[in-house]
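Okay, structure first, notes after.
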Amino acid sequence: MGINMLDMKQSNAQTVLWKLCSCRTSTVKDLAQLTGLSYATVGNILTDFVNSKEVMLGEMLSATGGRPSQFYTFNAEHAHVLALSARTREGKHMIRACAGNLYGELVWQAEQCFDDIQLASFEHMIDSALHTCPSIRILSFSLPGVERDGVIITNDYARLRGVSFTKHFQEKYHLPVIIENDVNAAVSGYGKNVETDSAIAGIYFPRYFSPGAGIIIDGKVLKGACGFAGEISLSPLGIDWISMDYENPQEVGAAISRLISVFCGIINPKYVVLYGDFFTESVKEAITEEIPGEALRNIFPSIIYQDDLDCDIITGLITQAVSAYQSGLKGDFT
């Protein structure tokens, strides 16, 4: 099978572009050494990207006092991605929307309460974001529930259940759509700065609903065959998480210790991130004291306590969306 020269040219161009992104600024010489491409090829590619405004001309500098070199700077503002997180906090239904550039840096954000979360709620936030930041190229959503093939199977918000979520927003905005479970997004965001060969579990305790978990193994979110990985409400542990007294350290500590022990025997995580607003020092001590047995104590993971998962969710959604953009995901759903 012959080599498709157009595909090779596009592949080389993307290699140069995203290597420059990782460097932020560089020269033809350095990029050629980093990519293994010829000086001429790299120079021609950069010229095209300067014309498309994906790359900007930088300074002319000389490191040795000799002939100065032209520096090129990656334009992280050429395109943006939008992260939207639906949450219930203190009984209030909220959507947080954040636009990020191609470095993953936030350039715009807004948050609004709604009587109920439905498709129109997201549309309101997306319209506001696009008005301020029309260069948004990917929509990335976080939802508390399970999605399969773009359809919402289970969800904390009744008006979203059974909805063809992906199709609706692709057809309305002609942009690619990513949907992620809220805890999967959070643990993905936390795992961004952790060694990629680790097993990590994140568990969120919302009080109003059963807890949910997200699992990352070797840098990838584990969703399971039907997307139900981490649905703790399906586990036959005999724990009533909704009626639990979260102000009782012994009760909640023993339950959480049992739950973490289950993860120890299945994925043996190096880290477990616990998200909740009740982790006093007494609760933390009870979790450690209630580890059921010496064998589990020997493999019990490092526990990280977080008051809320909002920041990790947005980091995870932005990271996934930027990665999708880099992989060439485009939108023309007409």
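Only this structure's heavy atoms are used, side chains among them; waters, hydrogens and symmetry mates stay out. On a predicted model such as this, the values are computed, not experimentally measured, just so you know.
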In the structure I gave you, are the side-chain heavy atoms of F263 and I215 within less than 4.5 Å of one another anywhere?
yes

Does the cation-pi check pass for K284 over Y305, that is, NZ or CZ under 6.0 Å from the six-membered ring centre and within 45° of its axis?
yes

Taking side chain as C-beta onward, heavy atoms only, is N12 less than 4.5 Å from T35?
no

What pair of heavy atoms forms the shortest contact from I216 to S188, and how long is it?
CD1-CA, 3.3 Å

For S257 and E290, indicate whether the former's side chain and the latter's backbone hold a donor-acceptor pair under 3.5 Å.
yes

Passing candidate, side-chain contact (heavy atoms from CB on, under 4.5 Å) with I203, options V273, I232, I256, I303
I232

Same apolar cluster (I L V M F W Y, side chains within < 4.5 Å links), Y204/L259:
no

Shared hydrophobic cluster for V252 and F209 (ILVMFWY, side-chain gaps under 4.5 Å)
no

Could you check whether any side-chain N or O of T319 sits under 3.5 Å from a backbone N or O of T315, counting only pairs where one atom can act as donor and the other as acceptor?
yes

Angle class for the Y173/F169 ring planes (parallel below 30°, perpendicular above 60°, tilted otherwise)?
parallel

Among D308, D312, D182, side chain to side chain donor-acceptor pair (under 3.5 Å) partner for Y275:
D312

Hydrophobic clustering (ILVMFWY, side-chain heavy atoms < 4.5 Å, transitive) - are I266 and Y271 grouped together?
no

Applying the 4.5 Å side-chain criterion to the ILVMFWY set and letting contacts propagate, would F228 and I179 be lumped into a single cluster?
no

Between W241 and F205, what is the ring plane arrangement, given parallel below 30°, perpendicular above 60°, and tilted in between?
tilted

Any sub-3.5 Å donor-acceptor pair from S198's side-chain atoms to V194's backbone N or O?
no

Of all heavy-atom pairs between V16 and L37, which one has the smallest distance, and what is that distance?
CG2-CD1, 3.7 Å

Judged by atom type as modelled, is there a donor-acceptor pair below 3.5 Å linking the side chain of N44 to the main-chain atoms of A40?
yes

Do N101 and E77 meet the criterion of a side-chain donor-acceptor pair at a distance under 3.5 Å?
yes

Side-chain donor or acceptor of S38 paired with backbone N/O of T41 under 3.5 Å
yes

Are the side chains of L139 and I178 in touch, meaning some heavy atoms are under 4.5 Å apart?
no

Going only through I, L, V, M, F, W and Y residues with side-chain contacts under 4.5 Å, is there a path from F141 to V183?
no

Nearest heavy-atom approach of V55 to Y72 is CG1-CB, 3.8 Å

Is the shortest side-chain heavy-atom distance between Q70 and L46 below 4.5 Å?
no

Linking Ile, Leu, Val, Met, Phe, Trp and Tyr by side-chain heavy atoms under 4.5 Å, what else ends up with M94?
none

Does K167 offer a backbone N or O that forms a donor-acceptor pair with the side chain of S164 under 3.5 Å?
no

Determine whether the aromatic ring centres of residues F49 and F74 are separated by less than 6.0 angstrom.
no

Any idea which heavy atoms bring S85 and I313 closest together, and the distance?
OG-CG2, 3.6 Å

Distance-minimising heavy-atom pair for G214 and N184:
CA-OD1, 3.2 Å

Testing the basics here: between A86 and L143, what is the closest heavy-atom pair and its distance to 0.1 Å?
CB-CD2, 4.2 Å

Mark yes or no for whether R161, through its side chain, and T154, through its backbone, hold a donor-acceptor pair below 3.5 Å.
no

Checking R207 against F278: charged group under 6.0 Å from the ring centre and within 45 degrees of the axis?
no

Between E111 and K92, does at least one N-O distance fall below 4.0 Å, as a salt bridge requires?
no

Using side-chain contact (heavy atoms from CB on, under 4.5 Å) as the criterion, list what pairs up with H168, not counting sequence neighbours.
L119, E123, K172

For residues Q112 and I95, determine if any side-chain heavy atom of one lies less than 4.5 Å from a side-chain heavy atom of the other.
no

Surrounding CG of D7 (heavy atoms of other residues, nucleotides or ligands, distance under 6.0 Å), is the total greater than 12?
yes

Looking at D310 and R96, is there a salt bridge between them, counting it only when a charged N and a carboxylate O are closer than 4.0 Å?
no

Among residues at least two apart in sequence or on other chains, which ones pass salt bridge (Lys or Arg N to Asp or Glu O under 4.0 Å) with D48?
none

Sole residue of F122, F114, Y157 in ring-ring contact (aromatic ring centres under 6.0 Å, His included) with H93:
Y157

Taking atom CG of D307 as the centre, does the number of heavy atoms from other residues, nucleotides or ligands within less than 6.0 Å exceed 12?
no

